[in-house]
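Below: one structure, written as structure tokens.
Counting convention: from 1, in listed order, for ligands and their atoms alike. Computed from a predicted model, the values in this text were never measured in an experiment.
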Amino acid sequence: MDRVLNMVRDRELFPVVEKVLSGERLSFEDGVKLFRSTDIHTIGFLANLVAERKNGRFAYFNVNLHITPTNICVGTCKFCAFKKKKGEEGAYELTVEEIIEKISSYKAKNPGITEVHIVGGLHPDWGLEEYAGIVRAVKEAFPDIHVKAYTAEEIKYMAGRSGVSVEKALKELIEAGLGSIPGGGGEIFAERIRSRLCPDKISGEEYLEIHKTAHRLGLRSNATMLFGHIETYEDRVDHLLRLREAQDETGGFQTFIPLAFHPVNTQIESANYTTGFDELKTIAVSRLILDNFPHVKAYWVMLGDKVAQISLQFGADDIDGTVVEEDITQAAGARAGQYISKERLIKLIREAGKIPVERDTLYNVIKVYQEGW
Ligand code: V47
């Protein structure tokens, strides 16, 4: 303990360091103290320690494809640069056949694909039947591919449009072949910020309730936090603690993904791009507070592959997948590309001192890439 404390530059962090080393749960005050500190080495060291306690030196990736069936959305989220109104220039909706064609052509080049990630807009004419129909068609055409689809917001929307409960909608989606739900829509739970950022969206409480309902029905899900806009450090810690509490109840969350805000074409004029320092700190503090989440993901599409790589020494143990055609971040000024090869993911992970593991959506191991591959 003393040897570690000797290396800590920010003495304010001493009590937090002691807690992490002895495996004690961190408090709200600890989280805020970590965010306010600039002792990035200590924060990163602690987060990496916790990540390695949970996952050893393994770092995960998958071979996946993002499909966005429509950008037509009745939502009013101020941070979104992607949505269009029906009839507006650039608005689109894919047919089921076009979705199947996209997956087929990707699979022809990447036969190892294991996941399709489907999220889109709140389409004014779609209900449960249309959203579930997409899942059913994909599963019929590709029974071996896991369908991770629809955020809590979309699930609430389609249930409402079809006059059924969220539970009933989830059961119908599961029957259609839904495998898990992604973390989108978390944004920031604090009502003060959420009501400015996305006034018409479900509340943080509802987001958590929908995920907990999914967990009780046997689904796994992910959780996200959109950071770097108008929220404070206190709001971030509050968000993380609410997730930790929900996870204590159900244990159904797999991965936490901090999403770095992209400002271009959004209605949040005061905001700018996040910085590398803040991104690394947010990954690390998330890892330290979410002691009951198995994984923390550094989503390379939003962080860029270089920061995502460094994150693997700052508490992240997952770098997401090959992705392809990610449109939400592109519309908001993404500086990373839309596709990364499996070989590049392996190189990024290996050079960060971790062992690359190709996984499926539920973290079953497909292949461990030991040296020499
Ligand atoms: O919910 C929207 C965010 C999310 C912007 O579960 C923005 O494995 C930054 O949730 N700047 C969708 N972010 C993406 C998402 C996700 C991605 C990868 C993996 C998983 C998973 C989930 O993107 C939205 C919103 O929070 N978003 N606009 C923007 N301007």
Side-chain angles (χ1 to χ4, degrees), residues 60-62 64-68 71 73 75-83 114-122 146-155 157 179-189 193-194 197-198 201-202 204 207 210-211 214 219-231 239 243 252-269 271-274 279 282 293-304 308 316 318-336 338 340 359-363:
Y60 299 88
F61 71 95
N62 68 351
N64 65 347
L65 172 67
H66 280 224
I67 302 256
T68 316
N71 62 354
C73 186
T76 57
C77 302
K78 307 256 188 297
F79 55 78
C80 179
F82 175 67
K83 64 178 183 294
T114 55
E115 171 190 287
V116 181
H117 172 133
I118 305 175
V119 292
L122 309 178
H146 179 108
V147 178
K148 177 176 77 175
Y150 306 135
T151 63
E153 178 73 22
E154 287 167 289
I155 292 165
Y157 177 76
S180 63
I181 59 178
E187 324 314 356
I188 276 279
F189 296 150
I193 303 295
R194 200 170 180 89
L197 213 56
C198 42
K201 210 163 199 157
I202 53 170
Y207 173 93
I210 293 166
H211 279 264
L219 288 179
R220 292 292 167 132
S221 73
N222 295 336
T224 56
M225 172 176 78
L226 183 66
F227 71 96
H229 39 86
I230 52 171
E231 86 292 2
H239 188 98
L243 283 172
F253 287 110
Q254 303 198 108
T255 313
F256 175 68
I257 312 147
L259 299 173
F261 177 65
H262 284 58
V264 177
N265 300 323
T266 71
Q267 292 168 62
I268 303 181
E269 280 130 27
N272 208 324
Y273 282 102
T274 46
E279 288 163 357
T282 305
F293 271 61
H295 306 283
V296 171
K297 189 188 282 187
Y299 184 42
W300 67 264
V301 173
M302 292 198 189
L303 298 175
D318 191 310
I319 195 165
D320 205 83
T322 48
V323 180
V324 183
E325 278 204 27
E326 194 283 340
D327 297 319
I328 298 170
T329 326
Q330 304 307 313
R335 296 190 272 201
Q338 281 189 293
I340 199 164
R359 62 163 174 86
D360 67 11
T361 310
L362 302 175
Y363 286 84

(message) Below the 3.5 angstrom mark, is there an N/O of I328, backbone or side chain, next to an N/O of ligand 1?
(response) no

(request) State whether the shortest distance between N or O atoms of T266 and N or O atoms of ligand 1 falls below 3.5 angstrom. (result) no

(message) Looking at R220 and G179, would you say the former's side chain and the latter's main chain have a donor-acceptor pair under 3.5 Å?
(response) no

(message) I'd like to check which ligand 1 atoms, numbered from 1 as shown, lie under 4.0 Å from a non-hydrogen atom of A260.
(response) 9 (C), 11 (N)

(message) Strictly distance-based, threshold 3.5 Å: is any side-chain N or O of E153 a donor or acceptor partner for the main-chain N or O of L122?
(response) no

(request) May I ask whether E153 places a heavy atom under 4.0 Å from ligand 1? (result) no

(message) So, regarding T224 and ligand 1 (criterion: nitrogen or oxygen to nitrogen or oxygen, under 3.5 Å), is there a contact or not?
(response) no

(message) Which heavy atom of T361 sits nearest to which heavy atom of Q254, and what is that distance?
(response) O-NE2, 3.0 Å

(request) Tell me which one of M225, E326, H262, E115 gets a heavy atom nearest to atom 11 (N) of ligand 1. (result) H262

(request) Check whether any side-chain heavy atom of F227 lies under 4.5 Å from a side-chain heavy atom of E279, and answer yes or no. (result) yes

(request) Measure the acute angle between the ring planes of H66 and Y299, then classify it against the limits of 30° and 60° as parallel, tilted or perpendicular. (result) parallel

(request) Just need the protein heavy atom nearest to atom 8 (O) of ligand 1, so name the residue and atom and give the distance. (result) K148 NZ, 2.7 Å

(message) Distance alone, cut at 3.5 Å: any donor-acceptor contact between the side chains of T151 and E154?
(response) yes

(request) Provide, to 0.1 Å, the distance between atom 5 (C) of ligand 1 and the closest protein heavy atom, together with that atom's residue and name. (result) F79 O, 3.9 Å

(message) I'd like to check whether E187 has a polar contact with ligand 1, where a contact means an N/O of the residue lying under 3.5 Å from an N/O of the ligand.
(response) yes

(request) Run the numbers for me: atoms of ligand 1, each under 4.0 Å from some heavy atom of L226, listed by number. (result) 7 (C), 9 (C), 13 (N)

(message) Rounded to the nearest 0.5 Å, what separates atom CG in L197 from atom CD1 in I188?
(response) 8.0 Å

(request) Would you check whether T329 reaches within less than 4.0 Å of ligand 1, judged by its heavy atoms? (result) no

(request) Identify, by atom number and element, the atoms of ligand 1 in contact range of G184, meaning under 4.0 Å from any of its heavy atoms. (result) 1 (O), 10 (O)

(message) Taking the six-membered ring for Trp, are Y273 and H262 closer than 6.0 Å centroid to centroid?
(response) yes

(message) Could you check whether any heavy atom of A223 sits closer than 4.0 Å to an atom of ligand 1, since that is the contact criterion I want to use?
(response) no

(request) Enumerate the atoms of ligand 1 whose separation from the nearest heavy atom of P182 is less than 4.0 angstrom. (result) 6 (O)

(request) Measure the shortest side-chain to side-chain distance between V301 and I328 over non-hydrogen atoms and say whether it is less than 4.5 angstrom. (result) no

(request) Using a 4.0 Å heavy-atom threshold (strictly under), name the region of V119 that reaches ligand 1: side chain, backbone, both or neither. (result) neither

(message) For a quick test of reading the model, state the closest non-hydrogen atom pair linking T255 to Y363 and the distance between them.
(response) OG1-OH, 2.8 Å

(message) Is the shortest side-chain heavy-atom distance between I257 and D318 below 4.5 Å?
(response) no

(request) Indicate yes or no: does an N/O atom of Y299 lie under 3.5 Å from an N/O atom of ligand 1? (result) no

(request) Evaluate the side-chain proximity of N222 to H295: yes if any heavy-atom separation is below 4.5 Å, no if none is. (result) no

(request) Any atoms of ligand 1 less than 4.0 Å from a non-hydrogen atom of I257? List them with their elements. (result) 6 (O), 8 (O), 20 (C), 21 (C)

(request) Within a distance under 4.0 Å of any heavy atom of N222, pick out the atoms of ligand 1 and give their elements. (result) 6 (O), 8 (O), 21 (C)

(request) For D320, counting its heavy atoms only, list the atoms of ligand 1 lying under 4.0 Å from any of them. (result) 19 (C)

(request) For atom 6 (O) of ligand 1, grab the closest protein heavy atom and report residue, atom and distance to one decimal in Å. (result) G183 N, 2.8 Å

(message) So if I count the atoms of ligand 1 from 1 in the order they appear, which ones are less than 4.0 Å from some heavy atom of G185?
(response) 1 (O)

(request) Could you check which of V323, T151, L259 puts a non-hydrogen atom nearest to atom 3 (C) of ligand 1? (result) L259

(message) Would you say the rings of F261 and F79 are close, in the sense that their centroids are separated by under 6.0 Å?
(response) no

(request) Provide, to 0.1 Å, the distance between atom 22 (C) of ligand 1 and the closest protein heavy atom, together with that atom's residue and name. (result) H117 CE1, 3.7 Å

(message) Quick check against the 3.5 Å criterion: does H239 have a side-chain atom that pairs as donor or acceptor with the backbone of F189?
(response) yes

